[in-house]
K.L.:
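Structure provided below as structure tokens; questions to follow.
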Amino acid sequence: MMCVCKKLIVLFVAVVLAGCAHFQAEQSQIPEVLPSQSQQRSQLSRLMKYHRLLQKKTEQELSKEYSEVRERFLDEQSDQDRAKYTLLLSLPNTSFHDLTTALHLLNEWPQKTRLSAGSDSFRVLLVLLLKEQQYLEIQKRNLSQKLKDEEARSEALKKQVDDIKDMEKSLLRRNPN
């Protein structure tokens, strides 16, 4: 009986040691997050939080924020301020909405600045979204102009029809039979 207990204990210890060795081997395969990667993720996270914050602000608060960020960017030219300035410029329905400038800021990102893969992907995505937004705004303007042209044409045709009706009435009054 004592022999069986010793064998069970030895077997148990062997299983525990094998499990620990296996767990340590799996842990070593987990990629390490380098401080620079963590910092880059943090920067993107801060930008996304900043964008959410902008969505909650009033027009007056946005105008004040725009002025402050614009001044800071023009003074310091930091990447963070460039990104914030671009996000502000891309906000629709604001007095400072300017997709052309926003796209210029993104496309002309200083070459000396090496962006992380995540930041560069974010920049490319933002460029694509802003180009699409710019295209849609141009389409909207074109369609709006076409609508105005059609309304003017419709009004001219309506006037012609009314003039013809008036001529018919006038003719009927002259010739009652």
Side-chain angles (χ1 to χ4, degrees), residues 19-158:
C20 289
H22 177 71
F23 183 70
Q24 287 175 348
E26 281 188 9
Q27 274 187 335
S28 66
Q29 293 174 356
I30 297 173
E32 287 185 41
V33 176
L34 301 173
S36 63
Q37 289 174 328
S38 175
Q39 181 183 9
Q40 291 162 2
R41 287 183 188 150
S42 176
Q43 287 173 343
L44 283 175
S45 177
R46 280 195 306 267
L47 277 177
M48 297 310 293
K49 285 178 185 175
Y50 179 71
H51 188 261
R52 275 194 305 268
L53 178 81
L54 292 177
Q55 302 297 318
K56 296 175 184 175
K57 291 189 176 206
T58 66
E59 178 68 30
Q60 290 173 335
E61 292 170 328
L62 285 172
S63 292
K64 183 180 178 199
E65 181 75 15
Y66 170 77
S67 297
E68 291 171 0
V69 169
R70 181 178 180 272
E71 287 300 316
R72 205 169 43 245
F73 170 69
L74 293 174
D75 289 343
E76 300 172 16
Q77 297 281 315
S78 76
D79 291 342
Q80 193 73 10
D81 289 330
R82 176 183 291 267
K84 285 182 177 183
Y85 186 39
T86 302
L87 287 175
L88 281 160
L89 287 169
S90 67
L91 288 175
N93 304 320
T94 57
S95 59
F96 46 84
H97 178 74
D98 186 356
L99 290 178
T100 304
T101 303
L103 282 167
H104 176 75
L105 287 169
L106 288 170
N107 287 324
E108 300 302 319
W109 204 284
Q111 299 301 320
K112 63 184 176 206
T113 304
R114 176 143 168 83
L115 294 175
S116 68
S119 295
D120 193 50
S121 295
F122 179 73
R123 183 190 67 79
V124 169
L125 175 65
L126 199 51
V127 165
L128 291 173
L129 291 173
L130 293 180
K131 282 183 179 180
E132 180 70 16
Q133 189 176 359
Q134 192 175 43
Y135 171 77
L136 291 174
E137 283 184 6
I138 290 169
Q139 290 295 92
K140 179 181 143 189
R141 271 195 305 268
N142 290 343
L143 289 173
S144 180
Q145 185 59 47
K146 285 181 181 180
L147 178 62
K148 286 179 185 175
D149 293 346
E150 285 300 313
E151 286 173 343
R153 192 174 136 231
S154 172
E155 196 61 39
L157 289 172
K158 184 178 183 289

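What you see below is based on every heavy atom in this structure, not just the backbone, and it leaves out hydrogens, waters and symmetry mates.
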K.L.:
Is any side-chain heavy atom of H104 closer than 4.5 Å to a side-chain heavy atom of T100?
P.N.:
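Counting from C-beta outward, H104 and T100 never come under 4.5 Å.
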K.L.:
Does a sphere of radius 6.0 Å around NZ in K131 hold more than 12 heavy atoms from other residues, nucleotides or ligands, not counting ones at 6.0 Å or beyond?
P.N.:
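12 or below, so no.
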K.L.:
Is there a side-chain contact between L91 and Y66 (heavy atoms, below 4.5 Å)?
P.N.:
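No, side chains not in contact.
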K.L.:
Just wondering, do L54 and E61 contact through their side chains at under 4.5 Å, heavy atoms?
P.N.:
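Contact flag for E61/L54 side chains = no.
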K.L.:
With a sphere of 6.0 Å drawn around CG of N93, does it hold more than 12 non-hydrogen atoms of other residues, nucleotides or ligands?
P.N.:
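No, CG of N93 has 12 or fewer neighbouring heavy atoms, counting only those of other groups under 6.0 Å.
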K.L.:
Can you find a pair of side-chain heavy atoms, one from E65 and one from F96, that are under 4.5 Å apart?
P.N.:
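Not in contact.
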K.L.:
For the residue pair D149 and Q145, establish whether any side-chain heavy-atom pair is separated by less than 4.5 Å.
P.N.:
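The answer is yes, as the side chains (C-beta and beyond) meet within the 4.5 Å cut-off.
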K.L.:
Would V69 and Y50 count as a side-chain contact (heavy atoms from CB on, under 4.5 Å) here? Give the steps.
P.N.:
CA-CA 12 Å; V69 169; Y50 179 71; 3.5 Å; yes
K.L.:
Decide yes or no on side-chain contact (heavy atoms from CB on, under 4.5 Å) for Q134 and L130, but give the supporting numbers first.
P.N.:
CA-CA 6 Å; Q134 192 175 43; L130 293 180; over 6 Å; no
K.L.:
Rounded at 0.5 Å granularity, tell me how far NZ in K56 sits from CG in L62.
P.N.:
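Here the rounded value is 13.0 Å.
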K.L.:
In Å, rounded to the nearest 0.5 Å, how long is the span from CG of D81 to CZ of R72?
P.N.:
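These two atoms lie 4.5 Å from each other.
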K.L.:
Quick one: CD on Q139 to CD on E132, what's the gap to the nearest 0.5 Å?
P.N.:
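Between atom CD of Q139 and atom CD of E132 there are 9.5 Å.
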K.L.:
Take Q133 and E137, measure what side-chain contact (heavy atoms from CB on, under 4.5 Å) needs, and give me the verdict at the end.
P.N.:
CA-CA 6 Å; Q133 189 176 359; E137 283 184 6; 4.0 Å; yes
K.L.:
May I ask you to decide if K140's main-chain N or O and S144's side chain share a donor-acceptor pair within less than 3.5 Å?
P.N.:
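Side chain of S144 to backbone of K140, a donor-acceptor pair under 3.5 Å: no, none is there.
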K.L.:
Please walk me through it: do E150 and R153 pass salt bridge (charged side-chain N to carboxylate O under 4.0 Å, His left out)?
P.N.:
CA-CA 5 Å; E150 285 300 313; R153 192 174 136 231; 3.0 Å; yes
K.L.:
Check L89, V127, L126 against L103 for a side-chain contact (heavy atoms from CB on, under 4.5 Å) and give me the one that passes.
P.N.:
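When side-chain contact (heavy atoms from CB on, under 4.5 Å) is applied between L103 and each of L89, V127, L126, only V127 qualifies.
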K.L.:
How about CD on E59, more than 12 heavy atoms from neighbouring residues, nucleotides or ligands closer than 6.0 Å, or not?
P.N.:
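Yes, the 6.0 Å shell around CD holds more than 12 heavy atoms from other groups.
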K.L.:
May I ask you to decide if R82's main-chain N or O and T86's side chain share a donor-acceptor pair within less than 3.5 Å?
P.N.:
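Yes; at least one donor-acceptor contact below 3.5 Å.
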K.L.:
Looking only at heavy atoms, which two atoms of S90 and L99 are closest? And how far apart?
P.N.:
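Closest pair (atom of S90, atom of L99, distance): CA-CD2, 4.2 Å.
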K.L.:
Does T101 reach the main-chain N or O of D98 with its side chain, forming a donor-acceptor pair under 3.5 Å?
P.N.:
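Looks like no, no N/O pair under 3.5 Å.
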